[in-house]
There are 2 protein chains.
Amino acid sequence: MEKQTITIYDVAREANVSMATVSRVVNGNPNVKPATRKKVLEVIDRLDYRPNAVARGLASKKTTTVGVIIPDVSNIFFSSLARGIDDVATMYKYNIILANSDGSDDKEINVLNNLLAKQVDGVIFMGHHITEAIRGEFSRSKTPVVLAGSIDPDNQVGSVNIDYQAAAKEATNLLAENGNTKIAFISGSLLDPINGKERLTGYKEALSTNKLDYNEGLVFEAEYQYKMGENLAERVMNSGATAAYIVDDELAIGLTNGLLDRGIKIPEEFEIITTNNTLLTEVVRPKLTSVTQPLYDIGAVSMRLLTKMMNKEDVEEKTIVLPHGIVERGSTK
Amino acid sequence: MEKQTITIYDVAREANVSMATVSRVVNGNPNVKPATRKKVLEVIDRLDYRPNAVARGLASKKTTTVGVIIPDVSNIFFSSLARGIDDVATMYKYNIILANSDGSDDKEINVLNNLLAKQVDGVIFMGHHITEAIRGEFSRSKTPVVLAGSIDPDNQVGSVNIDYQAAAKEATNLLAENGNTKIAFISGSLLDPINGKERLTGYKEALSTNKLDYNEGLVFEAEYQYKMGENLAERVMNSGATAAYIVDDELAIGLTNGLLDRGIKIPEEFEIITTNNTLLTEVVRPKLTSVTQPLYDIGAVSMRLLTKMMNKEDVEEKTIVLPHGIVERGSTK
DNA sequence: ATGAAAGCGCTAACAA
DNA sequence: TTGTTAGCGCTTTCAT
């Protein structure tokens, strides 16, 4: 009882045509007489023939598969992007190979090489920072790459983001205009250019616009985890800050609950604005004011851009910036 | 500037050996003289040769990739499973092709056929109910299949779950022992056997153990969404229930906040026990008492089981039941 | 409109 | 230990 696969030969024989003809009807080539097409289609149906995508990939050098490198699928931020990616991929008849990297530089390289070995037609990369090593791999391979929610230092590959700097500036501004003079900046690693460059710059700009001094004691780095937020509560209180701009929702609700548990009233005594507007912001009480970024769309647009690149279409602009916003809820006055 | 791929031939030529030898060293075949191996490895390194997995797949009839059918990656419940799957897959050198089905019967079939066309070595399926159609496809194909977090009506394929019935019974029991006589059962579609058979049965058992009558007016069906939970608050209040067993965290926090917003005190006036123990349960105040199921492990064990099946190892038991528990937090007395 | 035949890059007997 | 040689199932010229 071995796997008796039906091949294009079987179909050709049964339909009394050559395999080339079968290939043509399978691929929708118009150079087939309707009658022939019909006959072949019947046989395909009767035999339950299913073209072998691997053989196809070898012969055509196209796998209709794209690799997606993601730090962690179980993180709602990334899985939202992933969902956008997959939906558009499906729309364009691509499949995605999903690979978790844990944000580890080594794994990223490993995984990328693995994906390239599998002959993916393109790669979508999500990660906090683009190391030199990975950039080297990108440029060495001719496979199109798009960064989703990551900044490319020199635009060698495609990328889709929002204007993080402007968003950070607006968020900080809101806090400053509400009268806060000591505003904390709470982010992940400042080595990540989105945090250390873009957002921090926006934060400083807003401070300076509001004639506030920049104070390193108000800048906190933490991992994007609920517990980390809770643990931060004490330190943030001691810093004298009366408001915080936070770049991650999980961190933000951790801090919110940590503060609440210590009897701090939000927003009366402490204002909070977070960044990703995931479901989490609506779950805590008070609900959190948040920067909004179109996560699903960042994924979807990335994939769309990638399809164009894989298709060798002219892409007017491969560095795409999507609009952001701010939604005010109960954590700000 | 076309993609000039280096093939096994190039390596063979440069190393003055046959391609078979190169193939052997690449595949770790021991029948190669150390000196030869070393020479070949050097050339591979120098030429930056990377074996073409597609060609390999065609020749060996193994792709070292498995298909993963998931209702929605951006749902934390499923993405937790997916993470477990991918970690074990990586461990065993497999890649995963991730495909969202939205739980739609048609898409599931489509996606499955697509994955089979890509010659995946195995399939992991997550879904709420297994239709006859999809079961037909499963049995028609010789590709091993494992259900992760889904019940197989007649154990034709592998599956990994917890004992939903026992868990529901224990949860309901807890509520009954706390003195509640009107306990709501809030689930997704009762057509899903996990809800309509397993859990509902467990719920009824607990009622009967506690000499409580079963009342259809206390059974609610809703989509697993936060909003749905909020919307349900009114109806649940009107039903006279003073406690609820809920099968989904998002739904549960929606209901919790909906009740809270209407001035109901939890747990004093209403007790809640939910099911998946995701981060969400720790985010709301009060934190929610929850059934615990090892989501990551269900994914991980599913993949492990699948590797065995793909490897044609003898599998003593392909219907695996993992342990569950209950963690008591602030939403029960 | 259709067929013949040469690969795609690799694995896996089978020989040597 | 190493090489030779068929394929794997399909796409894609090039003829006809």
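Chain naming here is simple, since letters A, B, ... match the order of the sequence lines and numbering starts at 1 in each. The figures that follow rest on heavy atoms only: side chains count, while hydrogens, waters and symmetry mates do not.
OP1 or OP2 of dG3(D) has not a single side-chain nitrogen or oxygen of Tyr9(B) nearer than 4.0 Å. Phosphate contact (OP1/OP2 of dT11(C), side-chain N/O of Ser23(B), threshold under 4.0 Å): present. Proximity of Thr36(B) to the phosphate of dT2(D): a side-chain N or O atom is located under 4.0 Å from OP1 or OP2. Side-chain nitrogen and oxygen atoms of Ser60(B) include none within less than 4.0 Å of the OP1 or OP2 phosphate oxygen of dA12(C).
Here the P atom of nucleotide dC10(D) and the CG atom of Leu58(B) are 9 Å apart, to the nearest Å. Taking atom CD1 of residue Ile6(B) and atom P of nucleotide dC10(C), one finds them 10 Å apart after rounding to whole Å. Spacing between atom CD of Gln119(B) and atom P of dC8(D) amounts to 14 Å, rounded to whole angstrom units. Distance CD1 (Ile44(A)) to P (dC10(D)): 10 Å, rounded to an integer number of Å. As a whole-Å value, the separation of Lys62(A) NZ from dG9(D) P is 23 Å. For Ile8(B) and dT4(D), the CD1 to P distance is 14 Å, given to the nearest whole Å. Taking atom NZ on Lys61(B) and atom C1' on dG9(D), their separation rounds to 8 Å, with Å as the unit. Protein atom CZ of Arg13(B) is 15 Å distant from nucleotide atom P of dT4(D), rounded to whole Å.
Within 4.0 Å of Asn52(B), counting heavy atoms only, lie sugar-phosphate atoms of the nucleic acid but no base atom. Heavy atoms of Thr21(B) sit under 4.0 angstrom from primed sugar atoms or phosphate atoms, though from no base atom. Contact annotation for Val17(A): backbone-only contact, meaning every heavy-atom pair under 4.0 Å involves sugar-phosphate atoms and none involves a base. When heavy atoms are screened at a 4.0 angstrom cut-off, Val54(B) is found touching no nucleic acid atom at all.
Side-chain atoms of Asn29(A) do not come within 3.5 Å of backbone N or O of Val25(A) as any donor-acceptor pair. Formation of a donor-acceptor pair under 3.5 Å by the Thr21(A) side chain with backbone atoms of Val17(A) is not found in this model. Judged purely by atom type and a 3.5 angstrom limit, Asn95(B) has no side-chain atom pairing as donor or acceptor with the backbone of Thr65(B).
In terms of polar N and O atoms assigned as donor or acceptor, the side chain of Arg24(B) comes within less than 3.5 Å of the base of dG3(D) in a complementary pairing.
In the set dG9(D), dG3(C), dT1(D), the nucleotide with an atom closest to the side chain of Thr5(A) is dG9(D). Side-chain atoms of Ala55(A) lie closest to dC10(D) of the nucleotides dC10(D), dT12(D), dC10(C). Counting only heavy atoms from C-beta on, Ala20(A) has its side chain closest to dA4(C) among dA4(C), dA1(C), dG7(C). Comparing dC10(C), dT11(C), dT2(D) against the side chain of Asn27(B) picks out dT11(C) as the nearest. Distance from the side chain of Thr7(B) is smallest for dC10(C) among the nucleotides dT2(D), dC10(C), dG3(C). For Val32(A), taking side-chain heavy atoms from C-beta onward, the closest of the listed nucleotides dT2(C), dC8(D), dG7(C) is dT2(C). Checked against dA4(C), dT4(D), dT11(D), the side chain of Met19(A) finds its nearest nucleotide in dT11(D).
Rounded to the nearest 0.5 angstrom, Ser302(A) OG and Asn161(A) CG are separated by 8.0 Å. One distance of note links OG1 of Thr7(B) with CE of Met19(B); it measures 8.0 Å at 0.5 Å rounding. With rounding to the nearest 0.5 Å, the separation of OH in Tyr92(A) from NZ in Lys308(A) is 7.5 Å.
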